[in-house]
Amino acid sequence: MSVGFIGAGRMAQALSRGFISKGIVKPQKMMASDQSESILDFMKKQGVSTTNCNIELVERCDLVVMAVKPHLVADVLQEISDFFTTDKMFVSIAAGVPLEVLETNLPEETRVLRAMPNTACLVHAGATVIAPGKFVRNGDASLVQKLFQTVGLCYVGTEDQLDAVTGLSGSGPAYAFATIESLADGGVKMGLPRDMATKLAAQTLFGAAKMVLESGKHPGQANEEQKSEEMKMEKVEKKVKMSSPQ
């Protein structure tokens with residue numbers, strides 16, 4: 001299967017790196033189109049073919065990923081529609097552009113899916129939900145899920161869930177950044193160097209998240225267990241202090 005990216009910005013670059021690193025798609029089976037040569041240079045360094053022509057990309061690729069800004073989607077669809085065939089698959093990561101708009105502006109019965117990835121895909125720790133359109137075939141959704149799993153967690157959902165996904169995993173990193181900053185500020189206030197405090201705070205959130213993901217426990221249960229461990233440690237510390245010579 002050949003994969004093409006219309007738009008070769010940061011998310012397309014992250015996905016291409018993921019596909020290559022996991023061995024899902026070889027670089028010579030990928031292509032990227034963009035008007036910026038400097039952006040295409042990154043793809044070239046990975047061994048990905050590049051072009052300035054979206055039509056050329058559509059004609060050569062089996063799966064096309066729409067990775068442009070939402071306000072550019074309509075123009076791109078108008079440009080490529082006559083060259084799209086139903087044996088190809090179309091995946092859009094453009095926020096806020098519904099399946100109905102995509103399907104209406106592509107040939108009838110085109111296999112269309114929407115994907116809502118978050119920025120953590122850039123470090124291969126992303127969270128994505130994909131929503132299949134009306135004309136997808138058996139195996140299409142699981143194939144796209146497998147592709148997005150190369151850059152993190154990926155669920156197959158429905159389009160009516162994507163607004164909630166945007167609010168949760170799409171906006172969630174901003175809250176995590178604020179938490180890391182607050183924890184680090186507290187550490188600095190207590191005398192830690194800023195760099196150390198920031199890294200300790202970030203690692204702490206990373207570790208807590210990993211414990212939830214790997215244990216399968218409800219965060220509330222993990223929190224209660226953490227509190228219990230802290231109480232045990234406090235009791236041990238009190239005993240040590242009481243037994244220490246004055």
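Note that the coordinates shown come from a computational prediction; the quantities given were computed from them, not determined experimentally.
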Backbone N/O of Arg114 and side chain of Ser92: donor-acceptor pair under 3.5 Å: no
If only atom types and distance count, is the side chain of Gln13 paired as donor or acceptor with the main-chain N or O of Ala8 below 3.5 Å? yes
Is there a side-chain contact between Phe135 and Leu106 in this structure, where contact means two heavy atoms from C-beta onward sitting under 4.5 Å apart? no
Surrounding CD of Gln28 (heavy atoms of other residues, nucleotides or ligands, distance under 6.0 Å), is the total greater than 12? yes
Taking atom CD of Glu100 as the centre, report whether more than 12 heavy atoms of other residues, nucleotides or ligands fall under 6.0 Å from it. no
How many angstroms lie between NZ in Lys146 and NZ in Lys22, if you round to the nearest 0.5 Å? 12.5 Å
Using side-chain heavy atoms (C-beta onward) and a distance below 4.5 Å, is Asp34 in contact with Met43? no
Side-chain donor-acceptor pair present, Asn54, Ser33, cut-off under 3.5 Å: yes
Between Thr104 (side chain) and Val101 (backbone), is there a donor-acceptor pair under 3.5 Å? no
Closest heavy-atom pair, Glu56 versus Thr51, reported as atoms and distance to 0.1 Å, is OE1-OG1, 2.6 Å
Hey, any chance Val64 and Leu143 share a hydrophobic cluster, counting ILVMFWY side chains that come within less than 4.5 Å of each other, even indirectly? no
Assess whether side-chain contact (heavy atoms from CB on, under 4.5 Å) is satisfied between Ile55 and Glu79, documenting all intermediate values. CA-CA 7 Å; Ile55 294 171; Glu79 178 188 5; 4.2 Å; yes
Can you hop from Phe5 to Val68 via hydrophobic side chains spaced under 4.5 Å? no
I'd like to know whether CZ of Arg10 has more than 12 heavy-atom contacts from other residues, nucleotides or ligands below 6.0 angstrom. no
Membership question, hydrophobic clusters at under 4.5 Å side-chain separation (ILVMFWY): are Ile6 and Val112 in the same one? yes
Output the distance between atom CD (Glu159) and atom CG (Leu113), rounded to the nearest 0.5 Å. 11.0 Å
Donor-acceptor pair, Thr150 side chain versus Leu147 backbone, under 3.5 Å? yes
What distance separates Arg17 CZ from Leu122 CG, expressed to the nearest 0.5 Å? 7.0 Å
Shortest non-hydrogen contact from Ser2 toward Cys61: OG-CA, 3.3 Å
To the nearest 0.5 Å, tell me how far Leu15 CG sits from Thr128 OG1. 7.5 Å
Would a hydrophobic clustering, with Ile, Leu, Val, Met, Phe, Trp and Tyr connected at side-chain separations under 4.5 Å, put Val73 with Leu99? yes
If we ignore angles and hydrogens, is there a donor and acceptor under 3.5 Å between the side chains of Asp160 and Thr158? yes
Nearest heavy-atom pair of Ala141 and Pro132: which atoms, and what distance? CB-CG, 4.0 Å
The reported gap from CD1 in Ile180 to CD in Gln203 (rounded to nearest 0.5 angstrom) is 10.5 Å
Residues that Lys199 engages under salt bridge (Lys or Arg N to Asp or Glu O under 4.0 Å), provided they are two or more places apart: Asp195
Enter the distance from Leu40:CG to Met31:CE here, rounded to the nearest 0.5 Å. 9.5 Å
Could you name each residue pair satisfying ring-ring contact (aromatic ring centres under 6.0 Å, His included) that touches residues 61-108, not counting sequence neighbours? Phe84-Phe90
Just by distance, do the side chain of Glu103 and the backbone of Gly133 share a donor-acceptor pair under 3.5 Å? no
Under the criterion side-chain contact (heavy atoms from CB on, under 4.5 Å), I'd like the reasoning laid out for Phe19 against Val48: C-alpha separation, chi angles, the key distance, then a yes or no. CA-CA 11 Å; Phe19 298 170; Val48 176; over 6 Å; no
Using a 4.5 Å cut-off on heavy atoms from C-beta on, say whether the side chain of Val136 contacts that of Val144. no
Checking Ser169 side chain against Asn118 main chain: does a donor-acceptor pair fall under 3.5 Å? no
Please find the pair of heavy atoms, one from Ala95 and one from Met116, that lie closest to each other, and give the distance. CB-CE, 4.4 Å
More than 12 heavy atoms of other residues, nucleotides or ligands under 6.0 Å from CE of Met1: is that the case? yes
What pair of heavy atoms forms the shortest contact from Gly7 to Ala12, and how long is it? O-CB, 3.3 Å
Are any of the side-chain heavy atoms of Asn52 and Glu37 separated by less than 4.5 Å? yes
From the options Asp140, Thr86, Val91, select the one residue that forms a side-chain contact (heavy atoms from CB on, under 4.5 Å) with Arg111. Asp140
Side chain Ser21, main chain Gly18, donor-acceptor under 3.5 Å: yes
Using modelled atom types and a 3.5 Å cut-off, is there a donor and acceptor pairing between side-chain atoms of Gln145 and backbone atoms of Cys154? yes
Within a strict 4.5 Å, meaning less than it, do heavy atoms of the Lys88 and Thr110 side chains meet? no
Heavy-atom side-chain proximity of Leu77 to Met66 below 4.5 angstrom: yes
Quick one: do Leu57 and Leu63 end up in the same hydrophobic cluster if we chain Ile, Leu, Val, Met, Phe, Trp and Tyr together by side-chain heavy atoms under 4.5 Å apart? no
Lys210 atom NZ: more than 12 heavy-atom contacts under 6.0 Å: no
Show the nearest heavy-atom pair for residues Ser81 and Pro107, with the distance to one decimal. O-CG, 3.4 Å
